[in-house]
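All remarks here apply to the structure that follows.
Numbers here are sequence positions counted from 1.
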Amino acid sequence: MPSPPTQLTHTPIPAEGLLFGESPRYRDGLLYISDMTGRAIYTVDPSSGEKKHLCVAENQPNGMCFAPDGSLIWSSMFDAKVYRRDAATGVNTLYADLSHIMTGYCGDMAIDSSGRVYLDDTGAKVLHGEQPRPGRLLVIDPAKDGSTAAAAATVAAENIIFPNALFISNDGKSIYCAETCGYGLFKFDLAADGTLSNRQKVWSPAAISPTGQTGNTPDGIFGIDGGCMDAEGGMWLSMLGLEKFIRLDQDGNITHEISANGHATACTLGGEDGKALFLVTNWFSEDEESLFTAMKGKRTKCTISYARVEVGKGTARP
């Protein structure tokens with residue numbers, strides 16, 4: 001029988017004023033974070049909490065990743081577009097227009113070593129009153145001529161109920177995706193040409209539900225939101241409504257837990273030694289009808305913290 005999970009503590013980072021944080025990414029000593037309903041992207045200094053405004057994202061930012069040249073690729077939810085922020089100039093330019101293919105919102109994002117971007121299509125516009133329904137994974141190929149615009153976007157996988165938590169394994173041969181409202185964690189084989197195959201459900205949050213079941217609630221109360229992978233293949237997952245972050249080993253055993261004071265939304269590994277796990281938690285009042293109504297009304301509050309972990313970041317992406 002597996003040992004009980006190790007309980008870890010976390011330390012707040014005093015970054016104030018974020019409404020709903022998502023998609024944390026660590027690079028060069030700074031934590032990058034999307035403030036979805038605050039409609040901006042920021043950097044945060046983990047040591048001081050100093051928050052700097054990076055850019056406005058009027059149609060709500062969400063997923064982010066860093067291209068091989070260091071530029072920031074970020075998704076714009078409501079207009080189904082992806083932008084590129086030049087690392088040298090800080091100028092944002094359109095990278096890909098997905099409005100012809102997107103069925104919901106632009107969601108989480110991961111990038112492979114060749115610059116190929118994988119992006120969640122949530123399948124439903126839940127902040128506009130739609131109920132969760134199957135979405136897809138999209139793949140955006142970089143331009144072959146080396147230009148800063150993307151070449152094309154295609155559908156990589158379908159029938160995933162509110163896809164979320166995208167990350168690529170250390171060896172680059174697998175990609176993981178969670179169903180926030182479908183209550184599963186999927187693994188796909190990732191080919192050299194970017195195609196996905198051999199879909200497998202490798203874990204379900206039903207394993208830690210207080211009732212042993214999940215149900216399909218409007219805000220995905222037991223669903224997985226964000227995630228990342230460490231150097232040993234351990235998967236840190238943000239358990240949205242259960243208010244905890246967990247680490248799964250490759251056999252599906254929970255090895256570590258971190259309690260959160262609110263909805264556990266996203267996490268990423270970073271720091272100088274790669275052993276700082278940055279945690280994004282979003283809080284809203286119990287008087288709200290649901291998480292989505294609180295977000296729409298801008299009645300949420302985001303906190304950032306970090307926990308020291310034993311196994312640091314490997315070569316997984318992001």
Side-chain angles (χ1 to χ4, degrees), residues 5-13 15 21-34 41-47 49 62-68 70 72-74 108-113 117-118 164-178 185 187 190 202-203 224-240 244-250 252-260 264-282 302-318:
T6 300
Q7 304 295 318
L8 299 181
T9 60
H10 55 111
T11 303
I13 296 174
E22 262 286 12
S23 191
R25 302 288 185 258
Y26 182 88
R27 187 178 180 89
D28 297 333
L30 294 174
L31 189 67
Y32 290 69
I33 188 166
S34 291
I41 298 173
Y42 295 92
T43 60
V44 174
D45 184 334
S47 60
N62 197 341
M64 298 190 294
C65 59
F66 286 97
L72 179 68
I73 308 295
W74 57 274
D108 209 350
M109 184 188 294
I111 190 168
D112 67 15
S113 58
V117 173
Y118 295 86
N164 225 330
L166 276 182
F167 51 92
I168 298 171
S169 62
N170 289 291
D171 62 8
K173 296 181 179 180
S174 302
I175 190 167
Y176 291 79
C177 175
L185 178 65
K187 175 184 177 182
L190 178 56
V202 295
W203 189 73
I224 304 165
D225 198 330
C228 63
M229 178 176 280
D230 64 27
E232 291 184 355
M235 296 168 283
W236 282 101
L237 303 176
S238 310
M239 303 307 303
L240 190 64
K244 65 172 68 176
F245 298 87
I246 65 170
R247 180 185 183 271
L248 290 181
D249 64 18
Q250 284 289 306
N253 300 312
I254 300 174
T255 64
H256 297 75
E257 286 188 354
I258 304 171
S259 296
T265 304
C267 56
T268 196
L269 285 161
E272 291 184 5
D273 61 0
K275 292 184 177 182
L277 179 68
F278 295 101
L279 311 169
V280 176
T281 304
N282 291 295
C302 173
T303 59
I304 306 173
S305 59
Y306 71 93
R308 295 293 300 171
V309 296
E310 299 170 6
V311 182
K313 182 174 175 59
T315 54
R317 294 169 176 266

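The salt bridge (charged side-chain N to carboxylate O under 4.0 Å, His left out) check on Lys313 picks up nothing, with sequence neighbours excluded. Shown here are the ring-ring contact (aromatic ring centres under 6.0 Å, His included) partners of Tyr118, two or more places apart in sequence or in another chain: there are none. Considering only residues two or more places apart in sequence or on other chains, Tyr42 meets the ring-ring contact (aromatic ring centres under 6.0 Å, His included) condition with His53. Evaluation of the side-chain contact (heavy atoms from CB on, under 4.5 Å) rule for Asp45 yields Leu30, Ser47, Ser48, Glu50 as partners, not counting sequence neighbours. Take Asn170 and apply the side chain to side chain donor-acceptor pair (under 3.5 Å) test, not counting sequence neighbours, and it matches no residue. Residues satisfying the side-chain contact (heavy atoms from CB on, under 4.5 Å) test with Pro318, not counting sequence neighbours, are Arg25, Ala110, Phe167. For Trp74, the side chain to side chain donor-acceptor pair (under 3.5 Å) criterion is met by Asn92, not counting sequence neighbours. Partners of Gln250 according to the side-chain contact (heavy atoms from CB on, under 4.5 Å) rule, which considers only residues two or more places apart in sequence or in another chain, are Tyr176, Met229, Met235. Among residues two or more places apart in sequence or in another chain, the side-chain contact (heavy atoms from CB on, under 4.5 Å) test is passed with Asp273 by Lys275, Arg308. A search for side chain to side chain donor-acceptor pair (under 3.5 Å) contacts involving Thr265 returns Asn282, not counting sequence neighbours. For Thr9, the side chain to side chain donor-acceptor pair (under 3.5 Å) test picks out no residue, with sequence neighbours left out.
Between the His10 side chain and the Ile304 main chain, no donor and acceptor come within less than 3.5 Å of each other. Panel note: side chain Ser23, backbone Met64; a donor-acceptor pair is recorded below 3.5 Å. Put simply, the side chain of Asn164 never gets that close to the backbone of Ala178: no donor and acceptor are under 3.5 Å apart. For Thr255 (side chain) and Asp249 (main-chain N/O), no donor-acceptor pair under 3.5 Å exists by modelled atom type.
Considering Val117, Asn62, Leu166 in turn, Val117 is the only one that fulfils the side chain to side chain contact (heavy atoms under 4.5 Å, CB included) rule with Met109.
Looking at every heavy atom in both residues, Ile33 comes nearest to Gly21 through CD1-CA, 4.0 Å. Of all non-hydrogen atoms in Leu279 and Cys267, the two that sit nearest each other are CD2-CB, 4.1 Å. The two residues Pro46 and Tyr26 make their nearest non-hydrogen contact at CG-CE1, 4.2 Å. Across all their heavy atoms, Ser305 and Pro12 have their closest contact at CB-CA, 3.8 Å. Residues Ala165 and Gly226 approach most closely at CB-C, 3.6 Å, considering heavy atoms.
Ring geometry for His256 versus Trp236: interplanar angle of 30 to 60°, hence tilted.
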Next on the checklist: side-chain contact (heavy atoms from CB on, under 4.5 Å), that's the test. Do Thr268 and Leu31 meet it? Break it down for me.
Outcome noted: CA-CA 9 Å; Thr268 196; Leu31 189 67; 4.0 Å; yes
Next on the checklist: Under the criterion side-chain contact (heavy atoms from CB on, under 4.5 Å), I'd like the reasoning laid out for Ile224 against Met239: C-alpha separation, chi angles, the key distance, then a yes or no.
Outcome noted: CA-CA 5 Å; Ile224 304 165; Met239 303 307 303; 3.9 Å; yes
Item to check | Trace of the side-chain contact (heavy atoms from CB on, under 4.5 Å) decision for Ile168 with Ser113 | outcome: CA-CA 10 Å; Ile168 298 171; Ser113 58; over 6 Å; no
Checklist entry - Could you walk me through whether Ser34 and Ile41 pass the side-chain contact (heavy atoms from CB on, under 4.5 Å) check? => result CA-CA 5 Å; Ser34 291; Ile41 298 173; 4.3 Å; yes
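Within the 4.5 Å cutoff, the side chain of Glu22 has no heavy atoms near those of the Val280 side chain. Contact annotation: the side chain of Pro24 never approaches that of Val44 to less than 4.5 Å [non-hydrogen atoms, C-beta and beyond]. Counting heavy atoms from C-beta outward, Leu248 and Val202 have side chains that stay 4.5 Å or more apart. Under the 4.5 Å side-chain criterion, counting only non-hydrogen atoms from C-beta, Phe245 is in contact with Thr281.
To the nearest 0.5 Å, the span separating SG on Cys65 from CG on Leu72 amounts to 7.5 Å.
For residues 224-239, every residue pair satisfying the salt bridge (charged side-chain N to carboxylate O under 4.0 Å, His left out) rule, not counting sequence neighbours, is listed here: Asp230-Arg247, Glu232-Arg247.
Crowding of Gln7 atom CD: a count of heavy atoms from other residues, nucleotides or ligands under 6.0 Å exceeding 12.
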